[in-house]
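Structure incoming, see below.
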Amino acid sequence: MTGRYSFGLALPVLAVLAIAVAGQLLPGLLVPALAQSAPPAAAPPLTECDVPDRHTEIDFPLPQVTKAIAAKKLSVLVLGAGSSQLPGAGGAKNAYPARLQKALAEKLPGVEVTVATDVKPTRTAVEMLKSLRQSLTDAKPSLMVWQTATVDAMQSVDGDQFGQALAKGIKIARSVGADVIFMNPQYSPRTESMIALATYVEILRWVALQHEVPVFDRFNLMKSWADLGTFDLYSATKKLDMAERVHDCLGRLLADLVLESSKVHSPETGNGNEPGK
Amino acid sequence: MAKRQTKENPLIGPLPTERDLRLDLFRGLALWLIFLDHIPSNLVSWATIRNYGFSDATEIFVFISGYTAAFVYGRAMQITGFIVATARVLKRAWQIYVAHVFLFAIYLAEISYVSKTFDNPLFAEEMGVLNFLNNPDVTIIQALLLKFKPVNMDVLPLYIVLLLWFAPFLWLLLRSPTLGLLVSVAIYTAAWMFGLNFPAYPSGEWAFNPLAWQLLFVFGAWCALGGAKRLARWTHSKIGIALAFAYLAFAFGIVMTWYFPPLGAYVPAFVGEAIYPIDKANLDVLRILHFLSLAVITVWLVPQSWPGLKSPVFWPAIVCGRHSLEIFCLGVFLSFAGHFVFTEVSNRVFMHVIVSAAGIAIMVGAAALISWYRRVERQGPGPRPPAIKTGYAGSEA
């Protein structure tokens, strides 16, 4: 498994080079997230399931989360489908929303962290919109984590329709004062030849970029785990232990992304996507 | 016979009689690339063109298929008339349909196996994709109607639809190439303006919209029927080649931002607004331009008379391109098999290289076998196939 990764070594190297060059050429225009990831000392400590190239994405600010942390009360809503839950009696306790809550609470001492969920399996983005307003009213979150795209890909929903649903969800969440983070699909090697995820992952990324929404790139993260041998995602088992560890890692890394993004300031020149020429 | 047809249609002039080896070569290469791209997470697919620009091997395949279809059936239409040529085109569509159903049967076998042997609570949601096995009464019928199409099984249905309406198109192209091309452009434009596409099952639309992709197929046919010669003044000019290079460089730069997101900071927002999303289903104009740029540069670098085309180095790709339907189907099957090896045996880099190389070797071996058999069949006793079939190096479009 480690050998497979060596092929992709060029990626992080080039990415670091690119950041360095970008930092040289456009110091004032780039979002602080880039500057943040450049000196290793400033980077958050790596957890054991973290992967080296995770911090290279451009981060967008989460102003409501920043405010909520300052006010010592952070409320999160997880909107998702089947891959946001685990089966069994301990499912709710071990799935990533609960792990996110635990990780945030540990990293934000003195802040009251609550995580509500609106999770039901086999829902497309359009279907999730139906219960969204009610869930937002109930949870009054400062942040909505939206896990989606898997079911849309499985049902090969029309791409435009999917993109519009995402944009609408962002609008609804922001209208009630919640920031949004997207979580893209899981990397599922066994079903890879049966679900055409790529198009939907790309649409999600593009909508996120347009609306300045950070993406928790679960797909590439899990792919890196498979490459590095962190988890054996190929294994056929009815046991829950690996699934629980995966969700624990997802929860903690998601907490990292929330905290990193909450420290990103909104620059006057706009966001990292616009060079401000 | 080949001479007679040139007199019959003074409007369009003689169709070239010698097979352009470049068509076989690049179609063969496209088939290899499609095979490599269809194995999920295949590391070797980093080498394929889709990672360096907007278009991929599908464009090459569709264009060359249109080109050779016009070449083969255009001649047939001139010699035997509209009705007989139409019957031949439809027979070809039927063959492709049968091939598609055969591949679907293999796909069913693969996923039935996965659904029985694989279980992991982490992927409970994803395993839902196998649920259609629970109602085969609906899904198999939808598959036969070409509405239910598993992942990576979209190209043959596209090809079938393109051939179904190809005969009248060809008739028009033989009489007025410009008008034929304009009709094609009009259909493409209408598909974009009104969002027209074929419905799919259980939801959504075709992953390759035939109303959009027909443009490349018809453009290929138009080039075969003399259009390429008329374009040569532009495509061989310094400006044409420089523009093609410039566009390829632009596309390369944009694609690099997909792999190295920080580079995205250099893409001005208005450029992003203008180009995204690059619509593969509806054959985005950016993809067409990318394919055309590749074609201009390829034709410039590799002239038809280049003696190297006959060298044994290119023979493996040429022989694959010559039997494109068989080799395409084999490639789809091999990509299923390749993914199966990754999940069941090993997923190391080494295995990716072995599976990719072995797959291409099997494709070449099968193509060589088909060539050999066609030759034997032609030479053997008994009634020979009509000359019109053998006249084109034993291959259909």
Side-chain angles (χ1 to χ4, degrees), chain A residues 1 3-4 6-7 11 14-15 18-19 22 26 29-30 34 56-58 81-83 86-88 121-122 150-151 154-160 163 186 188-196 199 202-203 206 209 223 226 233-240 242-243 246 270 272-275 277, chain B residues 38-41 43 46 107 110-111 114 117-131 149-152 195 197 200 202-205 207 258-269 272-273 276-281 335-336 339-340 342-344 347-352:
Chain A
M1 287 292 186
R4 194 180 155 191
S6 65
F7 204 88
L11 265 165
L14 277 171
I19 294 170
L26 293 167
L29 301 173
L30 289 169
L34 288 177
T56 55
E57 285 276 358
I58 295 168
S83 62
L86 286 173
T122 62
T150 308
V151 180
M154 285 164 61
Q155 301 187 0
S156 50
V157 167
D158 179 62
D160 289 339
Q186 300 198 91
S188 164
R190 291 269 184 161
T191 56
E192 216 184 352
S193 64
M194 298 155 205
I195 307 175
T199 319
E202 197 47 48
I203 293 172
W206 172 239
L209 211 56
K223 203 159 185 179
L233 301 178
Y234 287 92
S235 70
T237 171
K238 282 196 187 330
K239 285 188 195 150
L240 271 165
M242 184 192 75
V246 164
N273 187 35
E274 293 164 347
K277 278 182 192 168
Chain B
H38 278 183
I39 310 177
S41 301
L43 287 171
W46 272 97
Y107 176 84
E110 187 205 7
I111 76 161
V114 171
T117 54
F118 182 63
D119 202 356
N120 191 327
L122 184 61
F123 299 118
E125 175 107 303
E126 283 81 358
M127 294 299 282
V129 77
L130 308 174
N131 284 348
K149 295 186 292 302
V151 173
N152 289 342
N197 194 349
S203 61
E205 298 178 321
W258 303 345
Y259 302 121
F260 311 113
L263 294 179
Y266 294 113
V267 180
E273 292 286 340
Y276 291 120
I278 298 174
D279 191 345
K280 180 172 184 180
S335 61
F336 289 161
H339 183 239
F340 193 74
F342 288 177
T343 53
E344 298 294 329
N347 194 30
R348 289 168 163 273
V349 184
F350 179 67
M351 197 48 111
H352 286 236

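Every chain is numbered from 1 and lettered A, B, ... according to where its sequence line falls, protein lines coming before strand lines.
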Taking atom CZ of R190(A) and atom OG1 of T117(B), what is their separation to the nearest 0.5 Å?
6.0 Å

Here the gap from E126(B) atom CD to M194(A) atom CE, rounded to the nearest 0.5 Å, amounts to 12.0 Å

Given 3.5 Å as the limit, does a donor-acceptor pair link the side chain of S203(B) with the main chain of Q155(A), or not?
yes

In this structure, NE2 of H38(B) is separated from OG of S193(A) (nearest 0.5 Å) by 11.5 Å

Closest contact, heavy atoms only, F118(B) versus Y234(A):
CE1-O, 3.4 Å

So how far is it from N120(B) CG to T191(A) OG1, rounded to the nearest 0.5 Å?
10.5 Å

Residue part contacting chain B, namely of P87(A), when any heavy atom lies under 4.5 Å:
side chain

Side chain, backbone, both or neither of L233(A) within contact of chain B (heavy atoms, under 4.5 Å):
both

Side chain, backbone, both or neither: which part of V157(A) has a non-hydrogen atom closer than 4.5 Å to chain B?
both

Contacting region of V114(B) [heavy-atom separation from chain A under 4.5 Å]:
side chain

Considering only heavy atoms, which portion of T122(A) lies under 4.5 Å from any heavy atom of chain B: side chain, backbone, both, or neither?
both

Taking every heavy-atom pair that is under 4.5 Å apart, which of A236(A), S83(A), G88(A), P121(A) has the most such pairs with chain B?
A236(A)

Please look at P121(B) and chain A and tell me whether the side chain, the backbone, both or neither of the residue comes under 4.5 angstrom of a heavy atom of that chain.
both

Taking atom CG of D119(B) and atom NZ of K239(A), what is their separation to the nearest 0.5 Å?
13.0 Å

Whatever's closer than 4.5 Å to a heavy atom in chain A on I278(B) counts as neither

Chain A contact via F340(B) - which portion, at a heavy-atom distance below 4.5 Å
neither

Testing the 3.5 Å rule here: is there a donor-acceptor pair between the side chains of T199(A) and K280(B)?
no

Flag the one option from I203(A), I195(A), T150(A) with the top tally of heavy-atom pairs under 4.5 Å to chain B.
I195(A)

Drop me the distance from M242(A)'s CE to L122(B)'s CG, to the nearest 0.5 angstrom.
5.0 Å

